[in-house]
Amino acid sequence: MGNSSVIPRYFTGSGSSLGKNQWRPLEWKDQTRFDLIETIREYKPLQQVGVKSARILLLGHTNVGKSSFFNTINSIFRNHVTAQAVVGSPDDQRTVTTKMRSYQVRDGREGKILNFEIVDTMGVEEAFGEGFDPAELPYILDGHVPDNHQFDAKGNISADMHGFKKTPVLCDKTHCCVFILDGTKIEIMDEDLKKKLSEMRKKITTRGIPLLILVSKIDQACPHTMKDISAVYKSLRVQHLIAQASIKIGIPVCHILPIKNYTHEIELDTCVDILALSALQQMLRFTDNYFDESLVTLGKGYVQPPTLSTDAWTKSATRNPTPSPKLNNSRPASEMKLAWANGGNALAPPQTHISDKLMSNGGISEISQVIDLEHETPPPIPVIVNSHEEEEAAAERINAPTPKQDITISSNPSPAPVESGAKVNGGGADMAAATPAAVA
């Protein structure tokens, strides 16, 4: 990105404001939690794929919440907060996880083992020669590395090591990858870490493995989600972090989900569970996509079973004539689409006076460029403000939606005053923004 002010067009600002409506539909009630648990509980890969359990690989920097995410999912199905995977303290500078661990989740203390595994790995660190080595990732993706493998920062995976699987089959391979990013550090991500994650992303996507991102610690990244986790999809701060993760890692925003792990709680929380379960549900959906592709690449092709399944997972993935839920049961789908297409302006808090968008403490606030990631467009023509009347006319032009580009106003508590006739945000921003790579 050539200029830090170039941001995705669905973002309305980097502040900690709350939108009036959710920018992703999710109902925060006990029934939602119950439905998600029932659906995931009955997940299983298609029988003709020949795999009993989906393998979800967690990757990310040290102390971002990889092990804690497994503990959160495990807690939900055990019905109490658990700590099966060892986690470090917030002050740890080195990874606590040194082995590759494939964790199973049981449906209750004496319940059945669910049909997915969460694979934890050593943390990635900024410095080369420290932490997880991206060069060893292909061995894990392709299913060569056994469970409980002891990692070495210098790299120790080879065909001669004990337990190395020379001819792995589909059930040994990784079916879905997840990067976990610390929501409090996305904007200041170290360039060396960014390069490592980018290198890993290429190794994943070239194999056709779906990749998602979990943005963790959202309770620490936004004051509103700290008070109420159900405010996550109204938080413009969280929306901004998701946009930044999309740009830095290079995957679509629909592959990026916010989470909050259990860290200090001793009892379960409905909203924390809903957020974690909805993320897991999306991982399993993407895993099903991977299995669909594997039927093609293996030359089998899909064959409809003689008897259709009646489990909750299959029902949830089958077309239903019932319309999708609306936000607040009142907001039409067309309005939701417009909110994202129009620079997210429909999500912004209501404004009381038009001059508030331009003036703050007697000066003109910063105007950020909003660029369509899918279609690169020229920067906006500079706006000249010479009088109060022209100010109002300029504000009206700024708020008028266009097919490809909008300008949005970001709040600035103490902007520098601008003299009459000055240009507002000169419009000469670098247009080097590129569309994030789509995941196969």
Side-chain angles (χ1 to χ4, degrees), residues 22-43 54 56 58 60 64-85 87 103-118 120 176 178 180-183 212-222 224-235 238 241-242 255-287 311-313 315-317 325 327-328:
Q22 293 189 103
W23 39 270
R24 278 182 182 166
L26 190 60
E27 294 185 290
W28 303 93
K29 55 186 183 181
D30 289 337
Q31 185 62 45
T32 302
R33 178 183 183 274
F34 175 82
D35 291 342
L36 285 166
I37 290 175
E38 286 299 301
T39 301
I40 294 171
R41 178 183 283 150
E42 298 190 26
Y43 169 81
I56 300 170
L58 304 182
V64 294
K66 300 184 298 297
S67 302
S68 294
F69 178 70
F70 162 72
N71 284 338
T72 297
I73 296 298
N74 195 42
S75 298
I76 295 169
F77 286 94
R78 287 296 185 92
N79 204 35
H80 63 86
V81 175
T82 66
Q84 183 177 342
V87 298
Y103 291 107
Q104 296 177 323
V105 178
R106 293 203 305 271
D107 185 18
R109 187 168 183 262
E110 296 180 345
K112 70 172 184 176
I113 296 175
L114 301 180
N115 295 316
F116 61 88
E117 300 170 8
I118 297 178
D120 197 8
C176 180
V178 179
I180 301 185
L181 304 181
D182 185 336
L212 294 92
I213 291 176
L214 297 185
V215 177
S216 66
K217 304 183 183 181
I218 57 166
D219 55 322
Q220 301 176 35
C222 172
H224 298 289
T225 52
M226 178 177 286
K227 296 177 183 177
D228 179 8
I229 206 68
S230 68
V232 59
Y233 286 133
K234 289 185 178 181
S235 168
V238 174
L241 294 175
I242 287 177
H255 293 214
I256 305 175
L257 302 162
I259 59 164
K260 183 256 181 288
N261 291 320
Y262 285 114
T263 53
H264 59 274
E265 300 85 353
I266 60 174
E267 298 295 338
L268 297 182
D269 179 276
T270 297
C271 294
V272 171
D273 291 357
I274 289 173
L275 210 53
L277 289 167
S278 61
L280 177 59
Q281 177 180 249
Q282 199 69 358
M283 295 174 202
L284 295 174
R285 286 172 174 172
F286 279 29
T287 300
D311 60 88
W313 181 267
K315 287 181 178 179
S316 71
L327 294 181
N328 302 327

Could you give me the CA-CA distance, side-chain angles and deciding distance for Asp107 and Lys112, then say whether salt bridge (charged side-chain N to carboxylate O under 4.0 Å, His left out) is met?
CA-CA 6 Å; Asp107 185 18; Lys112 70 172 184 176; 6.0 Å; no
As an exercise, state the distance from OG1 of Thr270 to CG of Leu277, rounded to the nearest 0.5 Å.
10.5 Å
Can you find a pair of side-chain heavy atoms, one from Tyr43 and one from Arg285, that are under 4.5 Å apart?
no
State, without any angle test, whether Ser230 and Asp228 hold a side-chain donor-acceptor pair at a distance under 3.5 Å.
yes
Can you check whether Pro258 reaches Tyr233 side chain to side chain, under 4.5 Å on heavy atoms?
yes
Which is it for Phe77 and Thr82 under the side-chain contact (heavy atoms from CB on, under 4.5 Å) test, yes or no, and what are the steps along the way?
CA-CA 10 Å; Phe77 286 94; Thr82 66; over 6 Å; no
Keeping the roles fixed (side chain from Glu42, backbone from Ala312), state whether a donor-acceptor pair exists under 3.5 Å.
yes
Compare all side-chain heavy atoms of Val81 with those of Leu268 and state whether any distance is below 4.5 angstrom.
yes
For the residue pair Val272 and Ile229, what are the closest heavy atoms and their distance?
N-CG2, 3.9 Å
What I'd like to find out is whether the side chain of Trp28 reaches to under 4.5 Å of the side chain of Leu275, using heavy atoms alone.
yes
Strictly distance-based, threshold 3.5 Å: is any side-chain N or O of Ser235 a donor or acceptor partner for the main-chain N or O of Ala231?
no
Could you report the tightest heavy-atom contact between Thr225 and Val232, atom names first, then the distance?
CG2-CA, 3.6 Å
I'd like to check His224 versus Val238 (side-chain heavy atoms, cut-off strictly below 4.5 Å). Are they in contact?
no
Atom of Lys66, atom of Ile180 and distance for their closest heavy-atom approach:
CA-CD1, 3.6 Å
Could you walk me through whether Leu181 and Val64 pass the side-chain contact (heavy atoms from CB on, under 4.5 Å) test, one step at a time?
CA-CA 6 Å; Leu181 304 181; Val64 294; over 6 Å; no
Grab the two heavy atoms, one from Asn261 and one from Phe69, that are nearest each other, plus how far apart they are.
OD1-CA, 3.3 Å
Side-chain touch Thr263/Gln220, heavy atoms, less than 4.5 angstrom
no
Between Glu117 and Phe70, is there a side-chain heavy-atom distance shorter than 4.5 Å?
no
CD1-CD1 distance between Ile274 and Ile37, expressed to the nearest 0.5 angstrom:
9.5 Å
Check Arg33, Lys260, Lys29 against Asp273 for a salt bridge (Lys or Arg N to Asp or Glu O under 4.0 Å) and give me the one that passes.
Arg33
Sub-4.5 Å side-chain heavy-atom contact between Gln84 and Asn71
yes
Please report the interatomic distance OG(Ser75) to NE2(His80), rounded to the nearest 0.5 Å.
7.5 Å
Given the rule in the side-chain contact (heavy atoms from CB on, under 4.5 Å) test, do Leu114 and Arg41 qualify, once you have shown the distances and angles that lead to the verdict?
CA-CA 6 Å; Leu114 301 180; Arg41 178 183 283 150; 4.2 Å; yes
Which pair of heavy atoms, one from Leu257 and one from Gln282, lies closest together, and at what distance?
CD1-CB, 3.8 Å
Of all the heavy-atom pairs spanning Arg109 and Arg78, show the shortest one and how long it is.
N-CD, 3.9 Å
Result of checking Asp269, Ile73, Asn74 against Tyr262 for side chain to side chain contact (heavy atoms under 4.5 Å, CB included)
Asp269
Rounded distance [0.5 Å steps], CG in Leu280 versus CZ in Phe116
5.0 Å
Atom pair OG (Ser316) and CG (Leu36), whose distance is rounded to the nearest 0.5 Å:
9.5 Å
For the atom pair CG (Asp120) and CG (Leu58), what is the distance rounded to the nearest 0.5 Å?
6.0 Å
